There are 2 protein chains.
Amino acid sequence: MDKHTPITITLAQRDEAVTITRWVYDTLHNAVLLGQIPPGRALTIRELAGLLEVSPMPVREALRQLSAEGALEIQGNRRVMVPRMTAMKFNELVEARITLESHAAERALPYIDKDCLQRLTAIDAEIDEAEANSDPENVTRLNQAFHRTIYTAHPHQVTQPLIESLWLQLGPFMRLSAESLDEYYQIDRHQEALAAIEKHDPLALQMAIAADIRDGCAFAKIPSKLQQLLN
Amino acid sequence: MDKHTPITITLAQRDEAVTITRWVYDTLHNAVLLGQIPPGRALTIRELAGLLEVSPMPVREALRQLSAEGALEIQGNRRVMVPRMTAMKFNELVEARITLESHAAERALPYIDKDCLQRLTAIDAEIDEAEANSDPENVTRLNQAFHRTIYTAHPHQVTQPLIESLWLQLGPFMRLSAESLDEYYQIDRHQEALAAIEKHDPLALQMAIAADIRDGCAFAKIPSKLQQLLN
DNA sequence: GGATTTAAAATGTGATCACAATTTTGTGAT
DNA sequence: ATCACAAAATTGTGATCACATTTTAAATCC
């Protein structure tokens with residue numbers, strides 16, 4: 001899988017009045033999150049430039065940014081790829097998510113007002129709809145929006161970029177989660193979170209967030225899924 | 001302070017067989033960490049290129065990487081600077097450090113062997129020496145090395161890049177800490193940490209790390225220092 | 001004098017090019 | 001077939017250039 005594996009990337013919407021570099025970044029960011037680029041697959045500047053029909057320069061910049069964010073990895077001698085996963089690393093990423101996101105949720109709780117709560121409820125409804133339609137990509141996207149809305153309620157938030165980095169590192173492997181979610185009864189952790197917010201109960205909110213993250217990554221406990229993770 | 005404030009950057013050691021981009025990155029990374037670039041000061045590619053006597057290209061790449069790491073901030077319309085600090089943000093950064101580094105320390109503890117412990121003791125001795133010599137820059141550097149040595153003992157570490165990002169964001173303001181450290185009696189938190197490691201006591205280690213971070217940032221509680229922070 | 005407009009200088013973005021280092025391919029021997 | 005090795009193609013790095021946008025300055029007006 002070092003080369004020649006064809007990759008298909010869904011192009012981000014080309015907003016006018018935005019730099020090409022930014023557009024390339026958004027496109028690749030999404031591709032990584034959706035697992036459209038196989039881990040270990042060598043990425044070259046010129047190949048991506050051709051694929052996206054832009055000059056190599058914006059690709060170069062986007063690749064460096066994504067590498068700094070942990071979405072990509074620069075091999076020993078300047079070759080870039082989506083990092084390969086290991087069982088240990090996956091576990092560490094999940095534990096880091098729980099710690100960091102519990103912290104972010106607790107800090108943000110005092111700032112979640114009625115309006116914010118209403119937006120959260122709306123997102124949760126959309127998630128239910130996407131789940132009913134078996135639309136895993138939107139479930140993932142909306143789930144992230146749910147969490148992001150909570151954390152960024154804090155006006156002096158500093159952990160969101162770190163959390164996004166963890167999401168990026170887990171992203172390529174979460175499609176395995178989406179495939180097996182419905183196979184298991186899942187308690188609605190978002191409802192628990194919303195209830196905790198209404199009661200202004202920091203501990204209950206942390207517990208709900210932690211449980212939600214654990215549920216979302218539970219697929220890694222299934223041997224067959226774990227194997228796919230590492231392939 | 002938008003422009004024309006002259007800045008002096010100590011150049012990193014120019015290791016042969018390393019890319020220019022990497023050297024520029026190291027140089028600017030250090031400059032930010034040591035507070036050599038005033039927050040809010042506009043940085044231009046060409047100015048830095050002239051200062052470091054390289055072409056604009058490597059500077060461009062380094063700036064983008066540093067921005068992705070939170071060391072620099074890209075203003076509304078493409079102007080880059082060291083982010084300005086606020087009291088609230090400073091507090092959030094410190095709390096994030098405590099949460100994340102406590103977590104990292106606890107995770108790493110089982111992997112800290114005799115050899116690692118010995119290295120930690122050696123670093124601690126160096127810190128005492130640097131403190132005796134009133135060498136704040138080395139105190140800062142060695143203190144980071146102490147923490148990094150603990151966290152990276154874990155072979156599947158994933159939080160170190162996130163921690164480094166927080167260090168970078170606090171870096172420009174830690175010189176204010178170094179100036180006022182000796183004014184207050186300080187309990188040696190590193191000794192507490194070493195003791196906790198020897199006893200394999202996770203909670204005690206977390207407490208020592210948290211206290212160490214708090215002590216190091218306590219200067220922000222002094223009104224006059226806080227004012228300097230925000231200038 | 002101080003605010004507003006206008007001209008000049010500087011800047012980021014993106015494209016193209018040269019080159020050394022790396023990777024891949026092609027060739028021949030075992 | 002498998003491996004070793006040399007030739008060819010590809011790649012990342014870094015430099016330079018053009019241009020639209022922004023910033024800075026000078027000039028004008030109240």
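Owing to the predicted nature of the structure, the values given are computational and were not obtained by experimental measurement.
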Asker: Could you identify which residues of residues 54-62 of chain A place a heavy atom less than 4.0 Å from some atom of DNA chain D, listed by residue number, or say none?
Answerer: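 Within this stretch, A/M57, A/R60 sit under 4.0 Å of the strand.
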Asker: Select one nucleotide: of D/dG12, C/dT13, D/dT24, the one nearest the side-chain heavy atoms of A/T19.
Answerer: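 Of all the options, the side chain of A/T19 is nearest to C/dT13.
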Asker: Please work out which of the three classes, parallel, tilted or perpendicular, describes the rings of A/Y151 and A/W167, given edges at 30° and 60°.
Answerer: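 Rings of A/W167 and A/Y151: tilted, as their planes differ by 30° to 60°.
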Asker: Backbone N or O of B/R22 within a donor-acceptor pair of the B/T19 side chain at under 3.5 Å?
Answerer: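 Side chain of B/T19 to backbone of B/R22: a pair is present.
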Asker: Please check: side-chain N/O of A/W23 versus main-chain N/O of A/V18, any donor-acceptor pairing under 3.5 Å?
Answerer: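 No, the answer is negative, given that no donor and acceptor are paired below the 3.5 Å cut-off.
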Asker: Within the distance-only criterion (no hydrogens, no angle test), does the side chain of B/Q75 pair as donor or acceptor with the backbone N or O of B/M81 below 3.5 angstrom?
Answerer: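 Such a contact is absent between B/Q75 side chain and B/M81 backbone.
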Asker: State whether A/E47 and A/R41 are salt-bridged, where the test is any N-O pair (Lys NZ or Arg NE/NH1/NH2 against Asp/Glu carboxylate O) under 4.0 Å.
Answerer: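 The answer is yes: the pair qualifies as a salt bridge.
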Asker: Can a side-chain donor-acceptor contact be found between B/Y25 and B/E69 if the only test is distance below 3.5 angstrom?
Answerer: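 B/E69 vs B/Y25: donor-acceptor pair found between side chains.
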Asker: I need the CD-P distance between A/E47 and D/dT10, as an integer number of Å.
Answerer: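 Rounded to whole Å, this separation is 13 Å.
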Asker: Do A/R46 and D/dG12 share a donor-acceptor pair, side chain to base, under 3.5 Å?
Answerer: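 Counting by modelled atom types and ignoring angles, a donor-acceptor contact under 3.5 Å is found here.
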Asker: For the pair made of CD1 in A/I20 and C1' in D/dA20, what is the distance, rounded to whole Å?
Answerer: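 So the CD1-C1' distance, A/I20 to D/dA20, works out to 13 Å.
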Asker: Tell me the interatomic distance from A/I45, atom CD1, to D/dG14, atom P, rounded to whole angstroms.
Answerer: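 Going from A/I45 (CD1) to D/dG14 (P), I get 11 Å.
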Asker: State whether A/T44 places a side-chain N or O below 4.0 Å from either non-bridging phosphate oxygen (OP1 or OP2) of D/dT10.
Answerer: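 False: A/T44 side-chain N/O out of range (4.0 Å or more) of D/dT10 OP1/OP2.
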Asker: In whole Å, I'd like the distance from the CD atom of A/Q75 to the C1' atom of C/dT23.
Answerer: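 Interatomic distance, CD of A/Q75 to C1' of C/dT23: 13 Å.
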Asker: Taking CD1 from A/I74 and C1' from C/dT22, how many angstroms apart are they, rounded to a whole number?
Answerer: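 For the pair A/I74 CD1 and C/dT22 C1', the rounded distance is 16 Å.
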Asker: Shortest non-hydrogen contact from B/I209 to B/E101?
Answerer: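 Shortest heavy-atom separation between B/I209 and B/E101 comes out as CG2-CB, 4.0 Å.
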Asker: Report the distance from atom CG of B/D212 to atom CZ of B/F146, rounding to the nearest 0.5 Å.
Answerer: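 It is 7.5 Å, given to the nearest 0.5 Å.
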Asker: Quantify the bending of the helix from C/dG1-D/dC30 to C/dT30-D/dA1 as the angle between its end axes, each fitted on five pairs, to 10°.
Answerer: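 Angle reported: 20°, given to the nearest ten degrees.
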